Amino acid sequence: MRITRAWIFLVALSAGSTVIAVSGQTGLAISLAILLLAWAKALIIVRSYLGLAEAPAWGRGFAMVLGGYMLLAMALVVMAGPV
Amino acid sequence: MDDTRNAFDDLPGDLMMWILIVSELLVFGAGLIAYLSVRVTDPAGFAEAQASLHRAEAGMNTLVLVTSGWLAALATRAGTLALTRLYLGAAAALGVVFLFVKGMEYADKAAHGVTFETDPFFTFYYLLTGFHAAHVLAGIVILGLVAIQCQRRTVEAGTAFWHMVDLVWVILFPILYLLG
């Protein structure tokens, strides 16, 4: 079932980002990787949980806006620089 | 007979709920961009404050919320009224677990004297997580109401709100808790 597959991906991606963060590794690449994982999770929720996979035009629109938003967030993280 | 269709007919669920969802996403989105913008001015200070958060606990809470979203999504596809209510109840129960963990986190911060005014990081932390927790509480009430008034349309609208709460968290959590 697509919903259950989406949930499995969400659990794996959430666990992945938490493991990366608690591993103690820091740096710009790690921060950007964490945001990429968040982007993937958000897309899964929009498409599968909110059901926009069944409304492709709306799904594409949401994905584009979300993509622009996540790129802006990444740009601000890059501007802040490595901590 | 008017058989014309417009683009809104393709949206799953209720149009008014989508308007609410987009409005809420804009508010949270603006809040997180404001946070990231202020963080640019003092990344080391923000990282130091952020290090005091319990990342593993918040990560567990993320698993709780995405699992709750899964149960809510299953509720819209359940074949019987009883099963729909069971899924909605389970989703709401995990919402309560999320709030309980969040409450423990706030209590821990309060015990260490960390408040809204401690520093700019914690001002954003309390504003954004508090606003999100308020939406979780509202979502639990909505899931309860649609479980009582259990019709396909109301269940779709109620669970869509719950997925919005989920969507906000999967972006808010890494930005507030994980960015080093």
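Each chain gets a letter, A, B and so on, in the order the sequences are listed, and its residues count up from 1. Computed from a prediction, not measured in an experiment: that's the story for all the values here.
Interface summary for chain B: among A/L50, A/V11, A/V77, the most heavy-atom pairs under 4.5 angstrom belong to A/L50. Between chain A and the residues B/T62, B/T76, B/V170, B/L32, the most heavy-atom pairs under 4.5 angstrom are made by B/V170. Ranked by heavy-atom pairs shorter than 4.5 Å toward chain A, the options B/A160, B/S37, B/G69, B/A51 are led by B/G69. No other option in A/G59, A/A15, A/A73, A/P56 has as many heavy-atom pairs under 4.5 Å with chain B as A/A73. Interface summary for chain A: among B/V22, B/T41, B/L63, the most heavy-atom pairs under 4.5 angstrom belong to B/L63. Ranking B/P12, B/A72, B/G59 against chain A, the residue ahead of the rest is B/P12, based on heavy-atom pairs under 4.5 Å.
Side chains of B/E156 and B/D14 form no contact here, defined as non-hydrogen atoms less than 4.5 Å apart. Counting heavy atoms from C-beta on, the side chains of B/R39 and B/P120 never come closer than 4.5 Å. Contact annotation: the side chain of B/F116 never approaches that of B/F122 to less than 4.5 Å [non-hydrogen atoms, C-beta and beyond].
The contact between A/L76 and chain B is made by backbone and side chain atoms together, counting heavy-atom distances below 4.5 Å. At a 4.5 Å heavy-atom cutoff, the contact between B/L25 and chain A is made by side-chain atoms alone. Using a 4.5 Å cut-off between heavy atoms, B/W169 makes no contact with chain A at all. Contact annotation for B/T159: neither backbone nor side-chain heavy atoms come within less than 4.5 Å of a heavy atom of chain A. Contact annotation for A/A57: neither backbone nor side-chain heavy atoms come within less than 4.5 Å of a heavy atom of chain B. Residue B/V168: no heavy atom, backbone or side chain, is found under 4.5 Å from chain A. For A/L66, the part lying near chain B is the side chain, with the backbone staying farther off; criterion is any non-hydrogen pair under 4.5 Å.
At distances below 3.5 Å, at least one donor-acceptor pair connects side-chain atoms of A/Y49 with backbone N or O atoms of B/V66. The closest donor-acceptor contact from the side chain of B/K102 to the backbone of B/V97 lies at 3.5 Å or more, if one exists at all.
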TODO: Please assess B/H54 against B/Y177 for the test ring pair (Phe, Tyr, Trp, His ring centres under 6.0 Å), listing each intermediate value before the final yes or no.
DONE: CA-CA 8 Å; B/H54 297 290; B/Y177 288 80; 9.8 Å; no

Open item on the list: The test is ring pair (Phe, Tyr, Trp, His ring centres under 6.0 Å); show your working for B/Y35 and B/Y125 and say whether it passes.
Closed with: CA-CA 9 Å; B/Y35 165 82; B/Y125 164 81; 9.9 Å; no

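Proximity of the aromatic rings of B/H132 and B/F173 is defined here by a centroid distance below 6.0 angstrom, and this criterion is not met. B/W18 and B/F161 have their aromatic ring centers separated by at least 6.0 angstrom.
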